Number of protein chains: 2
Amino acid sequence: MSAPTIYDIAARAGVGIATVSRVINGSRRVSDHTRKAVQKAMADLGFRPNHAARRLAAGVPNRPRVVALMPFFTTAFYFTVCKALSETLSAADMDLVLVDVRDQQEADRHLDRLIAERSSEGVVLCSMDISDERRSQFETLNLPIVALDCNTKTIPHVAVDNVEGGRMLSRHLSECGSTHQALIIGTRGAEVFRDRERGFREVCPAGSRVFETETVDIERGEEVLEQLLAEFPEVDGIACAGDTLAVGVLQGLRKRGRRVPEDVQVLGFDDQPMMDVLGISTVHQPMSEFGRWAAESIIELIKDPNATPRPSALLDLTLIPRQTTALPGKVPGR
Amino acid sequence: MSAPTIYDIAARAGVGIATVSRVINGSRRVSDHTRKAVQKAMADLGFRPNHAARRLAAGVPNRPRVVALMPFFTTAFYFTVCKALSETLSAADMDLVLVDVRDQQEADRHLDRLIAERSSEGVVLCSMDISDERRSQFETLNLPIVALDCNTKTIPHVAVDNVEGGRMLSRHLSECGSTHQALIIGTRGAEVFRDRERGFREVCPAGSRVFETETVDIERGEEVLEQLLAEFPEVDGIACAGDTLAVGVLQGLRKRGRRVPEDVQVLGFDDQPMMDVLGISTVHQPMSEFGRWAAESIIELIKDPNATPRPSALLDLTLIPRQTTALPGKVPGR
DNA sequence: CTGTTAGCGCATTCAT
DNA sequence: ATGAATGCGCTAACAG
């Protein structure tokens with residue numbers, strides 16, 4: 001059986017629908033007695049007013065909603081993205097609906113739902129791509145969609161060149177005198193990591209090694225470090241394809257009495273909040289710009305469904321040297 | 001004039017509304033010619049399909065939305081809260097819409113809107129209270145509302161005892177041997193800071209000082225430190241009513257060559273992410289529990305509007321000693 | 001105080 | 001391929 005409506009309530013309470021509507025809306029023009037009766041009927045039937053109907057009948061304006069699918073909890077990277085998204089969207093009087101997505105499967109589930117429900121005016125994909133087939137679903141529905149931190153061919157996006165990012169990692173390490181380099185990446189299931197690995201391999205010294213880890217967090221950083229040190233004891237430069245890993249590596253190194261950057265240099269990726277305070281050298285990603293670009297694009301698309309989407313943007317990555325790497329001459333005795 | 005409907009489009013394009021509906025939904029049973037005409041009409045009039053009407057007509061189920069009002073960007077405290085909120089809500093198949101709120105005025109604006117639009121099934125207030133009058137608006141609308149990190153009398157909430165938190169700050173500093181204590185708080189406009197100040201003053205040594213800052217960030221921490229050092233040079237223990245301030249203070253202290261904790265001890269509040277890595281002693285707030293409790297409560301209330309809200313919860317604060325404070329005997333020479 | 005009625009904007013048969 | 005009619009669940013006059 002489907003959800004009860006005010007007609008069901010009215011019938012059960014022996015009143016008219018207007019009365020039901022009145023108690024729902026807290027009108028005081030209802031006798032205490034009938035109010036109780038209606039409330040009881042609602043409780044009995046587990047009544048919940050239909051949102052869409054209320055809005056439609058009340059004639060309230062449509063506040064556009066954009067839903068953002070994001071692997072929200074993996075790293076603080078998304079905190080900054082989120083911030084920019086929210087600010088830009090709210091300035092345009094739109095709502096931000098956050099959907100936490102852990103894997104492709106979950107993403108697809110939500111995408112299906114979004115298409116079926118048509119419950120949003122736009123969607124922002126964070127660090128994930130979609131199939132061409134799905135892309136065309138959005139196309140025919142005229143439902144705007146953009147991506148951030150993802151180099152997809154099918155939808156408007158803002159991204160960085162992660163292959164170049166990988167190169168930057170190794171180059172900086174080399175400039176700092178490292179000759180035995182290691183790279184730690186997250187799952188190769190993610191394109192960003194594959195790209196960074198590729199770039200790294202292109203320019204790294206012979207004999208360099210790459211390590212993969214499924215999850216990206218501080219603990220895993222320490223664990224991978226242990227393995228890395230065992231298999232590759234001569235390492236003198238560790239690049240991490242994520243700041244969180246770098247933090248773990250740094251901690252592990254210090255526990256083992258290895259000096260940073262004298263014995264081993266450490267380099268992160270993202271430039272998440274607090275990395276400056278921690279003094280971790282890293283490759284800065286334009287997180288706020290990601291969020292802002294995506295929000296602005298989707299806003300334009302929503303406001304004018306026939307507008308041509310702004311061309312995809314490729315933003316710059318910047319290497320930020322701090323205390324965990326040392327350019328020649330910067331550290332005494334090196 | 002109000003927003004154009006499919007009737008307007010139909011009239012302008014010289015077709016029936018069914019046809020308009022077809023092109024909106026990407027049906028292929030429309031001739032190319034009429035499709036173009038309709039699309040042009042839509043573009044000309046800036047047509048945007050009405051959400052509520054689509055859902056109502058399509059009979060899609062009501063996916064409950066809960067909107068969270070939060071001072072989202074002030075600190076990473078809210079990132080963790082957000083995480084828990086989102087996880088719990090999504091497990092219950094509800095959407096989380098995030099609304100960034102900077103001040104009371106903005107909060108009221110959104111609250112008014114929420115009430116007028118009835119656009120959500122529940123609302124979560126983060127670190128903010130509402131007037132009794134407004135509370136009764138929610139009451140009569142039967143719109144569930146809960147609060148987190150706020151000790152309000154009028155709505156179900158989860159919170160901590162910030163007065164006790166303030167005491168913990170001073171007590172720990174005292175235990176660590178500090179006799180000239182300072183407290184840095186955010187704006188007294190926020191109750192949490194007033195409470196922490198009150199607790200601190202209750203137990204702090206005579207001659208202790210309290211400093212207020214409007215905004216809470218790292219830079220401000222450094223700035224306030226400067227002022228503090230100038231006015232209160234004999235200080236040997238600085239408590240901050242927020243980790244972010246503590247980070248700034250710590251940086252400032254190190255720049256000035258003051259040793260921590262030997263010369264001056266530093267204590268934060270919140271236990272935000274990365275504080276463990278930074279080794280900052282702090283008072284741990286149960287951020288995830290805040291989020292989970294609020295989400296679970298609101299879910300219950302939404303699922304059964306006639307349920308009695310779960311009783312408000314007062315969670316424990318925990319002092320976490322790390323490297324910026326030192327219990328007697330923990331630091332050589334102290 | 002309460003019931004009747006007429007839309008809200010759109011998707012959807014059912015005709016044509 | 002396209003149009004007319006019906007109803008989604010509810011609110012808001014308008015009567016009584």
Side-chain angles (χ1 to χ4, degrees), chain A residues 1-38 41-42 45-64 115-119 121 140-143, chain B residues 1-39 41-42 45-63 115-119 121 140-143:
Chain A
M1 59 171 245
S2 62
T5 72
I6 53 173
Y7 287 92
D8 302 318
I9 305 300
R12 194 171 218 277
V15 301
I17 61 164
T19 301
V20 176
S21 178
R22 288 191 189 96
V23 348
I24 290 174
N25 293 291
S27 163
R28 297 186 312 137
R29 305 196 160 287
V30 184
S31 75
D32 260 21
H33 181 257
T34 51
R35 160 170 298 127
K36 298 262 194 259
V38 171
M42 297 200 298
L45 270 42
F47 172 81
R48 279 183 30 204
N50 180 303
H51 212 184
R54 294 185 88 167
R55 293 177 54 112
L56 181 55
V60 302
N62 246 356
R63 188 175 164 95
I115 289 174
E117 295 182 1
R118 293 154 173 58
S119 51
E121 341 281 330
T140 61
L141 282 184
N142 210 353
L143 210 189
Chain B
M1 63 174 242
S2 62
T5 73
I6 52 173
Y7 288 93
D8 302 318
I9 305 301
R12 194 170 220 276
V15 301
I17 62 165
T19 300
V20 176
S21 179
R22 288 191 187 94
V23 348
I24 290 174
N25 293 290
S27 162
R28 296 185 313 138
R29 304 195 161 288
V30 183
S31 75
D32 259 22
H33 180 258
T34 51
R35 173 188 318 268
K36 298 261 193 261
V38 171
Q39 286 179 329
M42 295 200 298
L45 269 44
F47 172 79
R48 278 183 27 205
N50 180 302
H51 231 156
R54 295 186 86 166
R55 295 180 56 115
L56 180 56
V60 305
N62 248 351
R63 187 176 163 94
I115 289 173
E117 295 182 2
R118 292 152 172 60
S119 51
E121 340 282 329
T140 61
L141 282 184
N142 209 356
L143 210 191

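Every value quoted in this text rests on a predicted model; they were computed, and no experiment measured them. Naming convention: chains lettered A, B, ... in sequence-line order (proteins, then strands); numbering from 1 in each chain.
Atom CG in B/Leu56 sits roughly 13 Å away from atom P in C/dC8 (whole-Å rounding). We find that NZ of B/Lys36 is positioned 15 Å from P of D/dA1, with the value rounded to whole Å. Atoms CD1 (B/Ile17) and C1' (D/dC8) sit 14 Å apart, rounded to a whole Å. Atom pair B/Ile6:CD1 and D/dA5:P shows a separation of 15 Å (rounding to whole Å applied). Here C/dT2 presents its P atom at 14 Å from CZ of A/Arg28, a figure rounded to the nearest Å. If you take CD1 of B/Ile24 and P of C/dT12, they are 11 Å apart, rounded to a whole angstrom. Atom CZ in B/Arg29 sits roughly 17 Å away from atom P in C/dA15 (whole-Å rounding). Whole-Å rounding puts the A/Arg22 CZ to D/dA13 C1' distance at 10 Å.
Annotation: of the two residues near DNA chain D, A/Asn25 and B/Ala57, the 5′-most nearest-nucleotide partner is B/Ala57. Residue B/Val30 is the one, among B/Val30 and A/Ala58, whose nearest nucleotide of DNA chain D lies closer to the 5' end (criterion: closest heavy atom).
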side-chain contact (heavy atoms from CB on, under 4.5 Å) between A/Thr5 and A/Asn50, intermediate numbers included: CA-CA 8 Å; A/Thr5 72; A/Asn50 180 303; over 6 Å; no
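Side-chain nitrogen and oxygen atoms of A/Thr34 include at least one within less than 4.0 Å of the OP1 or OP2 phosphate oxygen of C/dT2. Distances shown here put every side-chain N or O of B/Asn50 at or beyond 4.0 Å from the OP1 or OP2 atom of C/dC8. At D/dA1, none of the side-chain N or O atoms of B/Ser31 fall inside 4.0 Å of OP1 or OP2 (strictly under the cut-off).
Summarising the geometry of A/Arg35 relative to A/Ser27, their closest heavy-atom pair is NH2-O, 2.7 Å, with the distance given to 0.1 Å. Nearest heavy atom pair, residue A/Arg55 against residue B/Ala52, reads CB-CB, 3.8 Å. In plain terms, the two heavy atoms of B/Phe47 and B/Ile24 that are nearest each other are CE2-CD1, 3.6 Å.
Of the candidates B/Thr34, B/Val38, B/Val30, B/Arg22 forms a side-chain contact (heavy atoms from CB on, under 4.5 Å) with just one, namely B/Val30.
Residue-level contact check: B/Ser21 touches the bases, meaning some heavy atom is under 4.0 Å from a base atom. Here B/Arg54 lies in heavy-atom contact (under 4.0 Å) with sugar-phosphate atoms only.
One cannot find a donor-acceptor pair under 3.5 Å joining the base of D/dG9 and the side-chain atoms of B/Arg55. For A/Tyr7 against D/dC10, a side-chain N or O and a base N or O form a donor-acceptor pair under 3.5 Å.
Nearest nucleotide to the side chain of B/Val15, out of C/dA11, D/dG3, D/dA12: D/dG3.
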